[in-house]
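Below is one structure, written out as structure tokens; the observations come after it.
Values below: all heavy atoms of this structure, side chains included; hydrogens, waters and symmetry mates excluded. A note on names: the letters A, B, ... follow the listed sequences, proteins ahead of strands, and every chain is numbered from 1.
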Amino acid sequence: MSLVHRLQTAMLLLAAVVLLACAAPASAQTPAAQPPSADLAPALEKIAADSYSDTEAALALLSTSTSPQAAVIVAALADGRLLIDAATKSVYVRAADGTLSAAATGATVSPAPAGLKAVRLNNRVRRAIDAASGALSLLAPEPARRAEAAAAVFKSRDAAALPTLQAAIAKETIPSVREALEQARAAILITAPGISEADRLGAVKLVTARGDQEALALLSNLPADATPAVKTTAEQGVAAINRSLAMWNVAQNVWYGLSLGSVLLLAAIGLAITFGVMGVINMAHGEMVMLGAYTTYMVQDVIRTSYPGLFGWSLAIALPLAFLFTALVGILIERLVIRFLYGRALETLLATWGLSLMLQQAVRTIFGPTNKEVGAPSWMSGAFQVGQLSITYNRLWIIVFALIVFVALLVVLKRTSLGLYVRAVTQNRRMAAAMGIRTGRIDALTFGLGSGIAGIAGVALSQIDNVSPNLGQGYIIDSFMVVVFGGVGNLWGTLVGAFTLGIANKLLEPFAGAVLGKIVLLVCIILFIQKRPRGLFALKGRAVEA
Amino acid sequence: MEPIAQSLLYLDNISVVFDGFRALNKLSLTIEEAEMRAIIGPNGAGKTTMMDVITGKTRPTAGEALFAGVHDLTTMDEADIAQLGIGRKFQTPTVFDMHTVEDNLLLAVKSDRRAFANISWRRTSHEKARIGELLERIRLKDQRHRKAAELSHGQKQWLEIGMLLAQEPRLLLVDEPAAGMTDQETADTADLLRDIARTRSVVVVEHDMQFVRDLDVKVTVLHEGSVLAEGSLDQVSANERVIEVYLGR
Amino acid sequence: MNGSGILDRRGTIFIVLVLAAGVLVPASNLLLSPSSPFYVSDYLVPLLGKYLCYALLAVAVDLVWGYCGVLSLGHGAFFALGGYAMGMYLMRQIGARGVYGNPVLPDFMVFLNYKELPWFWLGFNHFPFAALMVLLVPGALAFLFGWFAFRSRVTGVYLSIITQAMTFALMLAFFRNDMGFGGNNGLTDFKDILGFPITAGTTRGALFFASAIALVGGYLICRGLVVSKYGKVLVAVRDAESRTRFLGYKVANYKLLAWTLSAMLAGVAGALYVPQVGIINPGEFAPANSIETVIWVAVGGRGTLVGAALGALVVNAGKTWFTGVLPEAWLFALGALFVVVTLFLPRGIIGLWGDVSERLRKPKPDQVPEAEAPAKAAE
């Protein structure tokens with residue numbers, strides 16, 4: 001029997017079945033049964049032939065089928081649940097729960113015929129299955145799966161999917177999915193041989209509009225038979241994509257810079273209080289950050305062992321604890337050491353450096369020298385996409401958090417009585433004392449505030465950095481640079497300084513590399529400080545002399 | 001160079017602006033050779049800023065400052081201006097606490113100021129004689145080997161004036177020399193300054209009206225960064241606007 | 001601090017002791033039998049030599065901090081640069097004896113696929129050139145840095161912080177492999193110096209002696225400076241910078257001279273240090289090292305030169321002892337030292353000694369708080 005002849009018989013048979021199915025009322029026995037599609041029969045016939053090449057050909061047919069059964073058949077084939085009855089040349093699908101149904105209609109068959117065997121697979125067939133299931137997903141009822149399938153086709157550029165794509169585009173109603181489908185079609189039109197120039201030109205334009213790395217790869221590898229017009233358009237497209245990618249690249253680096261800037265801001269903002277407002281050089285500031293991070297670790301440790309349900313709240317619980325703990329340590333340091341050293345900035349620097357060594361060693365002795373695991377609650381993990389930008393939630397929250405801390409601190413200094421006292425003591429200690437302000441207490445509280453803020457910075461930084469005894473050391477020089485660069489005694493300067501340095505650092509990195517970029521930046525700051533010794537937002541006039 | 005002006009110090013239309021705040025506003029002032037001038041004015045009138053401009057500590061935003069008719073003070077730094085012959089005494093006595101009285105004067109005595117020259121320096125008999133003479137004049141002969149830190153407030157003021165004299169300046173700027181002194185010390189200081197003014201120009205900034213009266217010289221009243229009145233103390237005291245400013249009407 | 005001549009009593013004792021050690025330590029190592037109670041072991045000679053280098057570094061820091069008020073948190077950089085200059089000479093001396101047997105390129109360059117010697121390595125096979133670089137490289141960096149910093153009147157903690165940033169930047173730079181200085185591993189596996197095997201007892205003895213001479217020489221140079229009128233101006237700058245300026249002194253030049261000289265002395269210290277410890281790596285640039293040097297000076301007594309050297313010896317001996325017996329406790333001890341010295345011993349051991357001897361001589365504690373009697377008039 002020739003192929004054509006066999007097809008004809010099959011068609012006739014199918015037509016008869018369709019007519020029967022339409023004429024007869026739906027039988028109660030097969031409620032889920034579908035009317036068998038005309039395009040399924042030849043495929044099933046090939047499957048029933050049970051040779052690898054026939055199965056492959058059948059998959060090609062299935063992939064363009066519009067019947068919902070096609071996907072069921074392909075999935076069953078992939079899992080080895082597609083069975084054939086060698087005697088009757090019928091094909092059945094066994095569901096995961098063991099029930100058997102006819103492949104063509106989905107009607108349940110029982111009892112199961114004897115002597116069923118699974119359709120055999122080899123690697124070529126498996127590849128064909130993948131392609132077919134991809135093509136079939138293009139018609140899946142869920143939009144997300146359709147978009148996913150379109151992306152897969154865009155990558156594979158499998159010309160066999162073209163008819164399905166056409167069908168999918170024709171009935172697609174969701175614009176974003178439709179766009180993905182059209183891009184997938186364009187990818188095929190560009191790469192497949194023998195496509196008309198007009199079709200290709202349109203496709204090139206569509207792909208150019210997509211504008212990412214994959215579009216770039218596609219346009220740079222035109223098939224040999226591309227006409228000059230197509231080639232030129234593609235080249236223009238490549239240039240356009242490169243331009244837009246460069247822009248996105250800058251945007252991505254600016255984002256990284258904002259992220260680094262927020263980290264710097266968090267680390268430096270407490271320093272801006274102790275150094276900027278009080279004039280105290282606290283070299284142990286980094287260790288306050290480190291203690292905050294270890295507080296987070298301790299909180300999570302307790303939660304893990306005793307209250308696992310609270311894990312999502314661990315950071316919220318750690319924040320006040322870290323603030324209180326580090327503020328307390330700060331107050332102790334101020335009362336025990338620093339208060340004896342006011343007016344002797346260089347001595348303060350040395351003494352606090354000594355304290356930082358002791359704090360580091362203390363943590364190392366208690367917790368060991370290795371990194372501690374601090375987990376991220378679910379709302380801190382994952383990422384989302386904005387254009388070509390990938391934005392992670394933890395970085396985003398840290399930026400938001402840094403800004404909240406900054407604003408809170410501004411409010412505390414500008415609007416509360418503590419802030420008023422702090423400013424009074426800073427500006428004229430003797431006068432403040434004469435007005436009944438207990439300057440010693442204000443000093444301790446101010447230092448505690450600066451330390452406490454370092455502590456909550458530590459909670460945030462535990463999410464993106466290794467929690468080890470050396471955590472603080474990595475921040476101290478950068479933090480001082482931020483405060484000095486921004487202008488001492490000016491919180492806004494610290495804000496601008498942190499983000500300027502963060503962004504400058506990340507924008508330099510692509511040209512100079514991470515280490516060299518940092519060196520360049522340090523040298524720039526050194527030169528800058530020499531040009532403007534009082535920083536970006538310097539106080540001028542009489543205040544400087546005070 | 002031809003002298004542009006005959007006066008020793010010539011300030012013309014000097015303005016200094018800090019962040020929008022006008023510390024000096026088109027101030028003009030001339031001091032003649034061997035003249036003593038008292039400068040008075042309420043707080044914030046710009047007295048210290050004027051001294052800062054003359055000594056190179058602050059650059060004026062606008063205006064002209066000439067010394068001896070040829071030297072443009074607005075382009076020179078403190079050390080150059082000091083070497084030119086302008087000495088300055090601060091409001092709070094500033095001496096080198098860890099040095100002896102004698103060494104304080106030694107550092108001030110007019111000499112080569114270059115770093116390398118001072119490495120191979122040997123004390124000359126001229127320097128010795130000069131220091132002896134100054135110690136006599138500021139009445140610190142018995143204290144010559146004591147550290148400056150151990151001196152009383154009045155003694156420090158005098159030591160600083162002695163250091164000023166050691167520089168052999170043509171113009172001395174003296175900021176509140178009588179502050180914190182006893183009445184006797186104040187009178188002695190006035191005598192000393194009058195004595196100095198015989199050969200040099202002296203500008204004294206002072207709040208103490210009795211002290212200004214003792215000096216008995218021409219008075220310039222500053223207000224909000226510019227000159228409000230000039231003349232003898234009696235003249236300016238009678239000036240309507242001066243009274244207004246001082247009594248705050 | 002204003003002793004009249006270059007050699008006061010304290011200085012003389014110091015010089016005699018250092019020179020005596022310079023002769024006796026190598027001699028006892030080479031001449032005495034290991035069973036003798038006075039024998040100095042092969043391990044001890046380079047260790048003590050290292051202390052002498054640290055002492056010279058401390059003297060250099062004291063010149064700028066004690067007398068000029070410039071607290072450098074970056075002198076480790078000058079020390080390390082001097083060390084690298086010497087290390088480069090020693091690397092070139094290895095010749096074809098390296099693992100890869102390349103007669104020109106040091107092993108790490110062969111490993112990193114260098115085809116030829118980078119230009120800045122040229123000349124380092126000659127000792128006089130290397131010795132010159134030991135002085136010039138730290139000196140030039142210090143001059144450049146100081147020229148900018150002092151002219152724009154960066155002072156106090158700002159200056160300290162940017163010196164720290166300077167050494168930090170250099171550390172990052174030297175950690176990079178493509179800087180051409182051996183990256184992370186630095187320079188090591190030295191074979192000989194001036195033709196003598198570097199680990200031989202006699203070479204070690206000679207290096208120890210050279211370190212002692214360098215310490216004495218460095219001390220005398222600094223001492224000569226601080227007792228001159230230049231030194232008086234320096235102290236004046238430290239105590240009242242703007243007053244000094246209004247007296248007509250170009251403060252920046254005074255600072256720059258002391259600063260550059262100090263950096264060169266630090267370079268010499270580093271150059272002598274490297275052959276005795278056998279390695280130089282970017283870790284020497286770590287900001288922590290520079291701060292530790294400052295505490296040696298503070299422990300011994302700031303502004304006394306001898307105290308700085310003494311502090312370096314005492315603290316490092318303590319470090320060696322602690323890290324041997326109680327390694328965990330060393331950082332606690334060092335940290336506590338920083339706090340205790342700044343709070344209770346602002347004038348260090350020398351100051352404490354002065355107070356104690358003062359009190360023993362005449363029991364009147366309310367007398368002059370200064371350790372030293374006012375200097376007699378120079379004649």
Problem - Close side-chain approach of C:Leu73 and A:Leu349, heavy atoms under 4.5 Å - result: yes

Exercise for the section: Quick one: which of C:Tyr158, C:Trp65, C:Phe150 has the most heavy-atom pairs under 4.5 Å with chain A, could you say? Expected result: C:Tyr158

Handout entry: Heavy-atom side-chain proximity of A:Val515 to C:Phe175 below 4.5 angstrom
Key = no

Practice task
To the nearest 0.5 Å, tell me how far A:Leu357 CG sits from C:Ile291 CD1.
Solution key: 8.0 Å

Handout entry: Per-residue contact mode, C:Ala329 against chain A (heavy atom under 4.5 angstrom)
Key = neither

Practice task
For residues A:Gln361 and C:Leu334, determine if any side-chain heavy atom of one lies less than 4.5 Å from a side-chain heavy atom of the other.
Solution key: no

Practice task
Could you check which of A:Thr348, A:Leu522, A:Leu350 has the highest count of heavy-atom pairs closer than 4.5 Å to chain C?
Solution key: A:Leu350

Problem - Heavy-atom pair of closest approach, residues C:Pro287 and A:Ile477 - result: CG-CD1, 3.8 Å

Problem - Closest approach of C:Val339 to A:Met358 (non-hydrogen atoms, all atoms of both residues) - result: CG2-CE, 4.5 Å

Only pairs under 3.5 Å count here: list side-chain donor-acceptor contacts from residues 334-346 of chain A, not counting sequence neighbours, and write none if there are none.
| from | atom 1 | to | atom 2 | distance (Å) |
| --- | --- | --- | --- | --- |
| A:Glu334 | OE2 | A:Tyr342 | OH | 2.5 |
| A:Arg335 | NH2 | A:Gly440 | O | 3.0 |
| A:Arg339 | NE | A:Arg335 | O | 2.8 |

Problem - Spacing of CZ belonging to C:Phe168 relative to CG belonging to A:Asp478, to within rounding of 0.5 Å - result: 6.0 Å

Fill in the blank from the handout: Among C:Arg176, C:Met171, C:Glu292, the residue with the most heavy-atom pairs under 4.5 Å to chain A is C:Arg176

Problem - Residues from residues 263-271 of chain A approaching chain C under 4.5 Å (heavy atoms) - result: none

Exercise for the section: Count the heavy atoms of every other residue, nucleotide or ligand shown that sit under 6.0 Å from CZ of A:Phe367, and state whether that count exceeds 12. Expected result: yes

Practice task
For A:Phe325, look at atom CZ and say whether over 12 heavy atoms of other residues, nucleotides or ligands are found less than 6.0 Å away.
Solution key: no

Problem - Over 12 foreign heavy atoms within 6.0 Å of CZ, A:Phe528 - result: yes

Practice task
Below 4.5 Å from any heavy atom of chain A, which atoms of C:Ala288 appear? Answer side chain, backbone, both or neither.
Solution key: both

Exercise for the section: Output the distance between atom CD1 (C:Ile161) and atom CD1 (A:Ile281), rounded to the nearest 0.5 Å. Expected result: 4.5 Å

Practice task
Using a 4.5 Å cut-off on heavy atoms from C-beta on, say whether the side chain of A:Trp353 contacts that of C:Val294.
Solution key: no

Handout entry: Within 6.0 angstrom of A:Met298 CE, more than 12 heavy atoms from elsewhere
Key = no

Problem - Point-to-point distance, once rounded to the nearest 0.5 Å, from CG of C:Leu343 to CD of A:Glu347 - result: 10.0 Å

